[in-house]
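Every chain is numbered from 1 and lettered A, B, ... according to where its sequence line falls, protein lines coming before strand lines. Computation of the quantities below employed the complete heavy-atom set of this structure, encompassing side-chain atoms and omitting hydrogens, waters and symmetry-equivalent molecules. Fair warning: this is a prediction, and the values are worked out from it, not measured in the lab.
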Number of protein chains: 2
Amino acid sequence: MSATSRTKAEVTEVQTGVAVQAAGSQPSLVEHESPVPATLGKKGEMTRQQILSAALNLFRERGFDAATMRDIAESAGMSLGASYYYFPSKESIVSAYYDYVQQEHKVRVEREISKAKNLRQRLGIAFHTKLDIIQNDRRLLVALFRYGGDPHHPLSWFGPATSRQRELSMAVFAHALGDQKLPKDVRYFAPLALWALHMGLILYFVNDSSDEQRRTRRLLDGTLDLVTRAFDLATAPVLQPILRPIRKRVTELLTDAGLAPNPG
Amino acid sequence: MSATSRTKAEVTEVQTGVAVQAAGSQPSLVEHESPVPATLGKKGEMTRQQILSAALNLFRERGFDAATMRDIAESAGMSLGASYYYFPSKESIVSAYYDYVQQEHKVRVEREISKAKNLRQRLGIAFHTKLDIIQNDRRLLVALFRYGGDPHHPLSWFGPATSRQRELSMAVFAHALGDQKLPKDVRYFAPLALWALHMGLILYFVNDSSDEQRRTRRLLDGTLDLVTRAFDLATAPVLQPILRPIRKRVTELLTDAGLAPNPG
DNA sequence: GTCTATAAAAAGATAGAC
DNA sequence: GTCTATCTTTTTATAGAC
């Protein structure tokens, strides 16, 4: 379990959610395509962060449904109408959170990836840091899965509205793969496969009631061992006569299914 | 909590919801376990079917969210209160639909499985009949995925409330496997794997806007070709030195993750 | 037993004053 | 930018007719 040794300070940063974000390298965690006035003054930006922070705390405490906009507004020390001024809907708060998660994931992986000595460790960092970031947000993550099956909903994982977040996430996994020697087709689809795997693990994670979700961590480590072995097998010369036609077929299937990255 | 030994008074209490909140538990789950209240007379059963039918039509037309209980009741030719007498919530209608799907799936597979001449064809029947049944219900199926990530919700795929449906579904896939010669561990986890695969395909299916979802059908056929080949490889003697330790590891992982069927 | 009619409450969202 | 007041939709619950 390599990347799981978060310091307390870092965890606290995640828990407050607002992420003190040392020296504004990025403008804001919360620049979604939401109709939020781009012209938020310094004070307005503070207020927005207050609302976001209060909302995330409430989501963590009692879940997405049970936390009402009235509660959020009150907890942030303002009126209901004021909070709607900053977030057009309850879901847009979740979207802002998700943007934050992606940004944080990218930053952490880029920071820690150099410590890894092989593919297994790089994958470990990519996956474990993701879980680290969302460790305390299982009740909130429910809202992210809620619209997964609804292709027309703005928060659907498959919809166009979240394509940016999806691609960012896949880019992180691609980065974690590094210059690993892999067959061309494997390399091409690996980020997608890893993204899908990580979504499945998050689904398990959300449902994992074990202490600090250690079960998910064990499952993850075991799965990554197998994934690494699979990558090894994928390059083993003796197996190529068997594997190459299979890879070819898989590539055709995924492409025909419209699942190829960067379509068109 | 035995769903079969329910007195009439208890059922009424549950359905009106009075005793539910007092107890603080989730007795409404019994609705999922006994989809048709035994206390309904012949006429009542008709009425229930009317409501179910009207609801499904509306769900298909405008989706789960847009169809209100008032619409459903009106479409079924009765009052709001009457429909609540038969279904304690909108979601319980979805649950009834899902019960129907399972039952229909079982019946169809049992009816058609004898036509198949090999494993590939048996799997084809198992998967395609499932898609046949839900072919026109993509907008409705959204509601099935909605609570997938919420372990405490009665309709969560992973929750105890839906375990019966899950096991029924896996049993159908196990039946489709027939007496296919497979390693013991592979056979043990195959129904779970096939169930998971079929859930993933349904997720794709729901998001598939191609004509009559032909894309999903193609993806399914290609995937089943690969699955069949995988089963072949799993039994190929020359590959056992490589595969056996991997299978062993996978078995350990799934068992430790609590994903083994018939736990305990 | 079965159903009608209606009320009350909750929560998301908005309008307009300041 | 922030507030108060209000709207709208939906669900839960119940009284009581037949």
What residue pairs, at least two apart or across chains, pass salt bridge (charged side-chain N to carboxylate O under 4.0 Å, His left out) with a residue in [range]?
range                       : value
residues 141-162 of chain B : Asp65(B)-Arg146(B)
residues 77-91 of chain A   : none
residues 192-212 of chain B : Asp211(B)-Arg214(B), Glu212(B)-Arg214(B)

What's the [atom1]-[atom2] distance between [X] and [N], to the nearest Å?
X        : N       : atom1 : atom2 : value
Tyr85(B) : dT12(D) : OH    : P     : 18 Å
Phe64(B) : dT10(D) : CZ    : P     : 12 Å
Phe87(A) : dG12(C) : CZ    : C1'   : 16 Å
Lys90(A) : dA10(C) : NZ    : C1'   : 11 Å
Glu74(A) : dG12(C) : CD    : P     : 14 Å
Asp65(B) : dG12(C) : CG    : C1'   : 13 Å
Gln50(A) : dG1(D)  : CD    : C1'   : 13 Å
Tyr86(A) : dA13(C) : OH    : P     : 18 Å

Every protein N/O lying under 3.5 Å from an N/O of nucleotides 4-8 of chain C:
{"residue": "dT4(C)", "atom": "OP2", "partner": "Ser79(B)", "partner atom": "N", "Å": "3.3"}
{"residue": "dT4(C)", "atom": "OP2", "partner": "Ser79(B)", "partner atom": "OG", "Å": "3.0"}

Worksheet item: Can a side chain N or O of Thr47(A) be found less than 4.0 Å away from OP1 or OP2 on dT2(D)?
Response: yes

Discussion item. Is there a side-chain contact between Tyr84(A) and the phosphate of dG12(C), meaning an N or O under 4.0 Å from OP1 or OP2?
Written reply: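 No, no such contact exists.
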
Discussion item. In this structure, is the centre-to-centre distance between the rings of Phe173(A) and Phe127(A) below 6.0 Å?
Written reply: yes

Discussion item. Test your reading of the model: is there a side-chain donor-acceptor pair from His105(A) to the backbone of Gln102(A), 3.5 Å cut-off?
Written reply: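 Flag not set: sc His105(A) to bb Gln102(A) has no pair under 3.5 Å.
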
Worksheet entry | Closest to the Lys43(A) side chain, choosing from dT2(D), dA13(C), dG12(C) |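 Among the listed nucleotides, the one closest to the side chain of Lys43(A) is dT2(D).
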
Worksheet entry | Sequence-distant partners of Ser89(A), side chain to side chain donor-acceptor pair (under 3.5 Å), two or more places apart | none

Extract all donor-acceptor atom pairs below 3.5 Å that involve side chains of residues 55-64 of chain B and protein atoms in other chains or at least two apart in sequence.
{"residue": "Asn57(B)", "atom": "ND2", "partner": "Ser53(B)", "partner atom": "O", "Å": "3.4"}
{"residue": "Arg60(B)", "atom": "NE", "partner": "Asp137(B)", "partner atom": "OD1", "Å": "2.2"}
{"residue": "Arg60(B)", "atom": "NH2", "partner": "Asp137(B)", "partner atom": "OD1", "Å": "3.1"}
{"residue": "Arg60(B)", "atom": "NH2", "partner": "Asp137(B)", "partner atom": "OD2", "Å": "3.3"}
{"residue": "Arg62(B)", "atom": "NH1", "partner": "Asp71(B)", "partner atom": "OD2", "Å": "3.0"}

